[in-house]
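Accompanying notes for the structure given below.
Chain letters run A, B, ... following the sequence lines, proteins first, then strands; residues in each count from 1.
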Protein chains: 2
Amino acid sequence: MVAKMPTQQTPWQNHLLASLPKETFERIAPHLELVSMPLGEVLYESGDQLHHVYFPTTAIVSLHYVMENGASAEISGVGNEGVVGISLFMGGNTTPSRAAVCTGGYGYRLKAQVMMEEFNRAGPMMKLMLRYTQALITQMSQTAVCNRHHSMEQQMCRWLLQTLDRLPSQELIMTQELIASMLGVRREGITETAGDLQRAGLISYRRGHITVLSRAGLEKHSCECYDVVRKEFHRLLKEA
Amino acid sequence: MVAKMPTQQTPWQNHLLASLPKETFERIAPHLELVSMPLGEVLYESGDQLHHVYFPTTAIVSLHYVMENGASAEISGVGNEGVVGISLFMGGNTTPSRAAVCTGGYGYRLKAQVMMEEFNRAGPMMKLMLRYTQALITQMSQTAVCNRHHSMEQQMCRWLLQTLDRLPSQELIMTQELIASMLGVRREGITETAGDLQRAGLISYRRGHITVLSRAGLEKHSCECYDVVRKEFHRLLKEA
DNA sequence: CGTTGTACGTGCGGTAGCGCACATAACCGC
DNA sequence: GCGGTTATGTGCGCTACCGCACGTACAACG
C-alpha cells in the first residue's frame with residue numbers, strides 16, 4: 001500500500017470542527033493532533049476507557065458490535081461528518097461496542113480531558129456534540145429498521161452511498177469480505193449482489209476496489225433509509 | 001377493561017425522577033403533571049415538535065419507525081426506567097420516529113420549556129439525561145444487532161423480559177399482533193413461537209394476556225442482547 | 001516471470017420467516 | 001346465552017439468505 005503523505009490535512013476537513021465558531025475552535029486547535037488511521041486500527045474495544053475523541057478527515061470508522069459467537073454487525077459509520085467517542089461526554093466513558101477503521105486515512109484527535117473541559121463550558125461545543133449525537137441516534141435507529149426489513153441489495157446500496165459521501169473520489173478501497181462483515185452478512189452474498197450491481201452498470205470492481213459508476217442508480221436500488229439519515233444529518237448539522 | 005384509578009401514583013415510581021437530587025426534584029416537582037397514557041396513544045409522530053417530555057410510571061412506550069410501505073419496527077422501549085422525548089434537549093426537537101403507548105398506564109409529563117430551563121443549568125438533570133441517552137443508544141444499537149442475527153424466539157424472549165422489567169406483575173396485557181408489530185415480524189410467527197414457549201412451560205397465555213411462568217427459562221432462550229442492555233442501564237444509571 | 005497469498009466466483013442443500021387464505025375460539029355487549 | 005368482533009391456530013408454497021465446499025484468478029513480490 002502507498003504510504004501516502006498526510007497530503008494537505010487540515011482540521012476543517014472534518015465538518016464538525018469546521019462548524020465550530022472561531023473562538024471555540026481556536027481554544028482547542030493547539031490540542032488537535034493529526035493522526036494516521038490505518039485500515040484495521042481499533043480505536044476502542046468494547047468496555048475500553050476513552051482517552052481521546054477522534055475527528056476523522058479522510059478515514060472512515062465503523063462502530064460495530066461483536067457478538068459472543070464472533071459474528072458482528074455495524075451499528076453506524078463515522079467519517080468526516082462526525083466524531084468517534086461520544087460516550088466520553090455522554091457520561092458513560094465506555095460503550096459495549098467497538099470502533100475500528102474500515103477505510104484508512106487521517107483524522108485529528110483530542111485528549112479526553114481537553115474535550116471535557118470544552119464540553120463543560122456548555123457552549124457551542126456541547127450544543128454541536130449533542131446535535132451530532134442525535135444524528136447518530138437516527139443513523140443507529142435506521143440501521144435497526146433496515147436490518148429488519150430491507151434486502152441485502154438495498155442495504156449494500158445504502159452502505160455504498162453512505163461511504164461514498166465520506167470520500168472525495170468515486171472509488172472505495174474495500175474488499176467484499178469487509179463489506180460483508182460491516183453488513184453482518186455472508187461474503188458470498190456480497191459477491192452475488194456486487195455482480196448484479198455491476199451487470200446493471202451501477203458499479204465496477206476489481207480485487208479490493210469498487211468504483212461507483214452511477215450514484216443515481218444506487219439511490220434507486222437503495223432503501224429509503226439512506227435518504228432519511230442523510231436528510232436528518234443535514235437538518236441537524238447544517239448551521240451551528 | 002378496568003378503568004383503574006391512578007392507584008397511588010408518585011413521581012418516584014419513575015427511576016429517573018427518583019434519582020434526581022432533592023433540590024433539583026423540588027424545583028421541577030410543581031410542574032410535573034400526572035397523565036393517563038392509554039394503550040395506543042401516540043405521544044409524537046415522526047417530525048412532530050415536542051411540547052412535553054414524558055416520564056412513564058406504569059405505562060410503557062414504544063419508539064418505532066414506520067416505513068414508507070407501512071411496515072414498522074421498534075427501535076427501543078421506554079418504561080419507568082426512562083423518559084420519552086430526548087430529542088428535545090439533544091437539540092433536534094424532532095425525530096424521524098414515532099412514540100406510541102404499548103402498555104397503558106400512567107406517567108408524568110413536563111412542559112418542554114421547564115425541561116429545557118432545568119437542562120440548561122448544566123447540573124444533575126443534564127448529567128442524568130445524557131447518561132440515560134447513552135443507555136438508550138446502547139439499547140438501539142443492540143436492537144440493530146439483534147435484528148440482524150438472532151432468531152424470532154430469542155428476540156421474543158428478550159422483548160418479554162425487557163417488558164417484564166418495566167411492570168410490577170408477571171402478566172403482560174398484550175396481543176400477539178402487537179408483539180409482532182413491535183418486533184417487526186408476522187403475527188403468525190409470534191403465534192407459533194408463543195405456542196412453543198407455552199409448551200416448554202415458560203409462559204402461559206390467553207387472548208391478550210401473557211403470564212410469565214419462568215423468568216429463568218426465558219433468559220435461557222433469549223439472546224445475549226437482553227443482558228448486555230440490562231447491565232449497561234445498570235452501570236450508567238445506578239448512582240446519580 | 002512464476003509462486004503464492006488472498007480475493008472473488010459458484011453450486012447445492014437447508015431453513016427461517018414471509019404472504020396468503022382460511023378455520024376456530026375466546027371474550028364483550030346486549 | 002347469543003351474535004359479532006377480535007384474537008389465535010394452521011396449512012402451504014415461496015424466497016432470501018445461510019453454511020459449506022470447493023474452484024478460479026488477480027496482483028504483488030521475490
Side-chain angles (χ1 to χ4, degrees), chain A residues 1-3 39-40 67 69-73 102-103 145-160 171-200 203-211 221 223, chain B residues 1-3 39-40 67 69-73 102-103 145-160 171-200 203-211 221 223:
Chain A
M1 190 76 316
V2 196
L39 174 65
M67 298 195 311
N69 66 22
S72 81
C102 72
T103 294
V145 172
C146 199
N147 281 349
R148 163 71 56 215
H149 288 292
H150 296 138
S151 71
M152 224 169 77
E153 179 167 299
Q154 290 177 307
Q155 293 187 42
M156 176 160 171
C157 290
R158 167 182 65 80
W159 194 88
L160 290 175
E171 193 188 4
L172 292 72
I173 314 293
M174 186 70 59
T175 68
Q176 299 186 355
E177 181 86 46
L178 194 56
I179 298 178
S181 87
M182 295 294 112
L183 296 183
V185 299
R186 282 189 322 156
R187 196 265 314 159
E188 294 93 320
I190 296 298
T191 298
E192 211 178 326
T193 305
D196 292 345
L197 294 177
Q198 183 161 59
R199 273 184 291 282
I203 64 174
S204 81
Y205 62 94
R206 63 190 174 85
R207 238 188 133 71
H209 299 244
I210 300 181
T211 307
H221 284 244
C223 44
Chain B
M1 189 78 314
V2 196
L39 174 65
M67 298 195 310
N69 67 23
S72 81
C102 73
T103 294
V145 171
C146 199
N147 281 350
R148 163 69 58 214
H149 288 292
H150 297 139
S151 72
M152 226 169 76
E153 179 167 299
Q154 290 177 308
Q155 293 186 43
M156 178 159 170
C157 290
R158 167 182 65 78
W159 194 88
L160 289 175
E171 192 188 5
L172 291 73
I173 313 294
M174 186 70 60
T175 68
Q176 299 186 357
E177 181 86 47
L178 194 57
I179 298 178
S181 88
M182 296 293 113
L183 296 183
V185 299
R186 281 189 323 156
R187 195 266 313 160
E188 294 92 321
I190 295 298
T191 297
E192 212 178 325
T193 305
D196 293 345
L197 294 177
Q198 182 160 57
R199 274 184 291 282
I203 63 173
S204 80
Y205 62 94
R206 61 188 175 87
R207 233 187 136 73
H209 300 244
I210 300 181
T211 306
H221 285 245
C223 44

Anything under 3.5 Å between a donor and an acceptor, one on a side chain of residues 178-190 of chain B, the other on a protein residue two or more places apart or in another chain? List them.
residue, atom, partner, partner atom, Å
B:S181, OG, B:L178, O, 3.1
B:R187, NH1, B:T191, OG1, 3.0

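Fit an axis to the five pairs at each end of the helix from C:dC1-D:dG30 to C:dC30-D:dG1 and the two axes sit 40° apart, to the nearest 10 degrees.
Atom pair B:L183:CG and C:dA16:P shows a separation of 17 Å (rounding to whole Å applied). Whole-Å rounding puts the A:I173 CD1 to D:dA28 P distance at 11 Å. The distance from atom CG of B:N69 to atom P of C:dC18 is 13 Å, rounded to the nearest whole Å.
Shortest non-hydrogen contact noted between A:L39 and A:T103 is CD1-N, 4.2 Å. Shortest non-hydrogen contact noted between B:Q155 and B:C146 is NE2-O, 3.1 Å. Minimum interatomic distance between A:Y205 and A:Q198 (heavy atoms only, all atoms of both residues): N-NE2, 3.0 Å. Between B:A71 and A:H149, the shortest heavy-atom distance links the atoms CB-CE1, 3.9 Å. Nearest heavy-atom pair across B:Q176 and B:A194 is NE2-CB, 3.9 Å.
Annotation for A:E192: atom CD does not count as buried by contact number, only 12 or fewer foreign heavy atoms lying within 6.0 Å. The environment of CD in B:Q154 is crowded: more than 12 heavy-atom neighbours from other residues, nucleotides or ligands sit within 6.0 Å.
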- Task: Go along nucleotides 5-18 of chain D 5' to 3' and tag each nucleotide: B for a protein heavy atom under 4.0 Å from its base, S when only backbone or sugar atoms are that close, - otherwise.
- Result: -BSBBB------SB
